[in-house]
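Reviewing the structure listed below.
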There are 2 protein chains.
Amino acid sequence: MTEEQEVFLAHIQKQGLKRTAQRDLILDVFLRTEEHLSSEDLYRLVHKEDSSVGQTTVYRTLKLLAEAGLAREVRFGDGLTHYEHHYKHQHHDHMICSNCGKIIEFYSAELEAIQDAMAARHKFEVEQHLLRIIGICADCRRAKRNAEKSRERIRSASARSTR
Amino acid sequence: MTEEQEVFLAHIQKQGLKRTAQRDLILDVFLRTEEHLSSEDLYRLVHKEDSSVGQTTVYRTLKLLAEAGLAREVRFGDGLTHYEHHYKHQHHDHMICSNCGKIIEFYSAELEAIQDAMAARHKFEVEQHLLRIIGICADCRRAKRNAEKSRERIRSASARSTR
DNA sequence: TTATTTGCAAATCGTTTGCACCTTA
DNA sequence: TAAGGTGCAAACGATTTGCAAATAA
């Protein structure tokens, strides 16, 4: 039994809830991914392994995983709720590629320190914070540059042929 | 005519759209607020002044204001889309009180600089970024402290009377 | 006159809930 | 056996869309 499974079991028992095959499977599939899955994403993966599991159970179990401290809800602003691993995972922020959707995690102690200082200046007690940088990732920038070069080659070639 | 109204009119004409009484009113009401309104909030305010305007028109006009650069969509993660003034407004971030919902705007050049540096480190081209700090505001913290003190007074008073 | 806009109602989408049946402790 | 859990279908709430009637250019 992995540490995560133990944490989940402990949470379940502390709350007087019950261990079920569905919950075990959903946790298992969740732990096997390293993405920022939406409930629907996870449902599809779980459904592949046991098509009798319903969407509702996945929604409810993700809530449970969040309560147990194993998952963290993240709203990227696309209307979906995403979940990422949270157990023993350091706090971090996200860069999201608006072209390909890739998510890059990053952490900066300075950033954290300044945020705390800004909060303190407003006598604000921080519960959580969320930083999202949206833009174009290195791969997509390279692809874009290549596409431009390629267009240029075609242009100059056709200029030559019609000269 | 205010500068904002001119910007709106220019945008409308450039797009081959039409100026209407509803759009004028919605812009006017929007400009008179300094909050982070949801579409529903704005609808209620507009409705008070002209009850013939429909919700749909408010939704559509807010989209238009965002395109014209007069409003900015902000998702705080409460499921609603909020809009704030954007024209000639400097970029800023938000602290949101989880108790009373108050929104504090703040800006830190250092924060911006570090974000850009983090992006550069990942060869990431920033399009926009969003920082949200959630916690308890100064007022709510004070109220909480007072409530505690008051509870204590009652407790010690009743202890005295039953002694 | 003609393309655009309007308000309504219906549709949509992610998520939640009510409920009868099933399972765990 | 009692407390919980499940899957389905229906309900939900914010937003969007289809449409026929109204309006600006």
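In the text below, chain A, chain B and the rest are named by the order of the sequence lines, each starting its count at 1. Heavy atoms only: backbone and side chains are in, while hydrogens, waters and symmetry mates are out. Computed from a prediction, not measured in an experiment: that's the story for all the values here.
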- ring pair (Phe, Tyr, Trp, His ring centres under 6.0 Å) partners of residues 115-148 of chain A, not counting sequence neighbours, each pair once: A:His91-A:His129
- Item | Nucleic acid contacts - residues 29-38 of chain B versus DNA chain C, non-hydrogen atoms under 4.0 Å | none
- For DNA chain D, find the residues of residues 93-103 of chain B with a heavy-atom distance under 4.0 Å and give them by number; none if there aren't any. none
- Task: Sequence neighbours left out, what passes side chain to side chain donor-acceptor pair (under 3.5 Å) with B:Glu3? Give chain and number order.
- Result: B:Tyr87, B:Lys88
- Note on the structure: Those residues at least two apart in sequence (or on a different chain) that pass salt bridge (charged side-chain N to carboxylate O under 4.0 Å, His left out) with B:Lys48 are none
- Task: Taking ring-ring contact (aromatic ring centres under 6.0 Å, His included) as the test, write out the residues that go with A:Phe30, two or more places apart.
- Result: A:His85
- Under 4.0 angstrom between A:Lys63 side-chain N/O and C:dT15 OP1 or OP2: no
- Task: Please list residues of residues 74-84 of chain A whose heavy atoms come under 4.0 Å from any atom in DNA chain C, ordered by number; otherwise none.
- Result: A:Gly79, A:Leu80, A:Thr81
- Message: Please confirm whether the shortest side-chain N or O distance from B:Tyr59 to OP1 or OP2 of D:dT15 is below 4.0 Å.
- Response: yes
- Item | Residues that A:Leu17 engages under side chain to side chain contact (heavy atoms under 4.5 Å, CB included), provided they are two or more places apart | A:Ile12, A:Gln15, A:Arg23, A:Leu64
- Message: Would you say A:Gln22 and A:Thr61 are linked by a side-chain donor-acceptor pair, where the criterion is simply a distance under 3.5 Å?
- Response: no
- Query: Got a sec, which residues hit salt bridge (charged side-chain N to carboxylate O under 4.0 Å, His left out) with A:Glu73, two or more places apart in sequence or on another chain?
  - Reply: A:Arg75
- Task: Kindly assign one of parallel, tilted or perpendicular to the pair B:His47 and B:Tyr43, based on the angle between their ring planes and the thresholds 30° and 60°.
- Result: tilted
- Message: Test of understanding: with ring-ring contact (aromatic ring centres under 6.0 Å, His included), list the residues that count as partners of B:His82, not counting sequence neighbours.
- Response: B:Phe76
Just the table, please: protein N/O against nucleotides 22-25 of chain D N/O, every pair under 3.5 Å.
unit_1	atom_1	unit_2	atom_2	d
D:dA24	O3'	B:Arg19	O	3.3
D:dA24	N3	B:Lys18	NZ	3.3
D:dA25	OP1	B:Arg19	N	3.3

Mind listing the N/O atom pairs, protein and nucleotides 8-12 of chain C, below 3.5 Å?
none

